[in-house]
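In what follows, a single structure is set out as structure tokens and then discussed.
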Amino acid sequence: MGIYLLRRLLQGVPVLFLITAIVFLVVYFIPGDAAMVVLGQSATPERLEAMRQRMGLDEPLPIRYGLWLKQVLKGDLGKSLVYQLSVWTMIGRAFPITLYLTVFSLLIAVAIALPAGILAALKRNTWIDLVATTWAFLGVSIPGFWLGLMLVYLFGVRLQWVPLQGYIGLREDLTDSVKTMALPAFTLGVFLSGPLTRYLRSSMLQTMSQEFVLVARAKGLAERKVIARHILRNSLIPFVTVLGVQLGYLIGGAVVIENVFALPGIGDLAVSAIGNRDFPLIQGTVLVTAAIYVLVSLVVDLSYGFIDPRIRYD
């Protein structure tokens, strides 16, 4: 395990290095002038030129990238051009909200996908299977922003069960916090439950045809034990793989949902940074999100050994 973990961490280094290069190049080609963002549009050409020299914008691209990468390796992501705050400070404020939304969404998705996928496999070609697969299809097909707006209209405007927008922290008021996060979490949970249901169903159907399942039933084991210990457990690896991929997506890609529900998370922070041409903040949010995605992939790979004891890493 230790050797495998070290090898995977070393493999992540060139991946993150490549990500830093891509992020820097993408930000470089975004239209806009960082000096003008700091000084404003009314700044004189002389002041703009002096600010560009101060920020190192007059240097060649390789030198600018090297200077920025040197800062990153020291753990310094710079300071926001618009808010004049450390990028780490702003990410530290936004990330807990995105993490809260992500965990809530995963709980809802798993609560839907596990029973739906299991029942669809066990009741193959019945009305239960049809309902579960239809739900999975709708979950994948329905646009998240449209579902979010419909939920806001139904539960926020018509029924007035939940606040329309905004965010209340868990420490402020637990009940109101759950209410503000329920609709965005359910929106993402529905989207995530679709592929999870499909993968779990297909994986269980494949496992049910294996010989060890027939042997377990021939031994006279109770059906519940056969399903739980032999079928479900051996079908969880594809399920966990998709779950890990979607977790990375939720952390970095829930931009639309955070904007629809006015949640000040990582996605909303990145959109605001792009709109303001806040280049250090753009680079910082993308880089941190990519690092989290790499870490999530590592955790998913390590979880395989706990699901299936036959898997060995060393």
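As the structure is a prediction and not an experimental result, all values here were calculated from the model.
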Hey, any chance [X] and [Y] share a hydrophobic cluster, counting ILVMFWY side chains that come within less than 4.5 Å of each other, even indirectly?
X	Y	value
L107	L99	yes
L85	I266	yes
W88	L73	yes
I112	L119	no
V286	V72	yes

Check your understanding: What residues form a salt bridge (charged side-chain N to carboxylate O under 4.0 Å, His left out) with R201, not counting sequence neighbours?
Key ->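 Checked R201 against salt bridge (charged side-chain N to carboxylate O under 4.0 Å, His left out); matches are D129.
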About how many Å separate [atom2] of [Y] and [atom1] of [X], when rounded to the nearest 0.5 Å?
X	Y	atom1	atom2	answer
L188	M181	CG	CE	10.0 Å
L287	I292	CG	CD1	10.0 Å
I118	I128	CD1	CD1	13.0 Å

Review point. Is there a side chain to side chain contact (heavy atoms under 4.5 Å, CB included) between F104 and V178 once you walk through the steps?
Key: CA-CA 9 Å; F104 203 165; V178 172; 4.1 Å; yes
For [X] and [Y], which heavy atoms make the closest approach, and how far apart are they?
X	Y	result
L200	G117	CD2-CA, 4.1 Å
A136	T197	CB-CB, 4.1 Å
A109	L196	CB-CD1, 4.1 Å
A116	A132	O-CB, 3.7 Å
T285	A270	OG1-CB, 4.0 Å
G265	T98	CA-OG1, 3.3 Å

Review point. Listed by chain and number, what are the ring-ring contact (aromatic ring centres under 6.0 Å, His included) partners of F137, not counting sequence neighbours?
Key: none
Side chains of [X] and [Y]: does their closest heavy-atom pair fall under 4.5 Å?
X	Y	answer
V190	W135	yes
F95	L269	no
L101	I97	no

Exercise for review: Inspect the surroundings of CD in Q71 and state if more than 12 heavy atoms from other residues, nucleotides or ligands are less than 6.0 Å away.
Suggested key: yes
Check your understanding: If you count the non-hydrogen atoms of other residues, nucleotides and ligands that lie under 6.0 Å from OH in Y199, is the total more than 12?
Key ->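 No.
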Check your understanding: If only atom types and distance count, is the side chain of T20 paired as donor or acceptor with the main-chain N or O of F17 below 3.5 Å?
Key -> yes
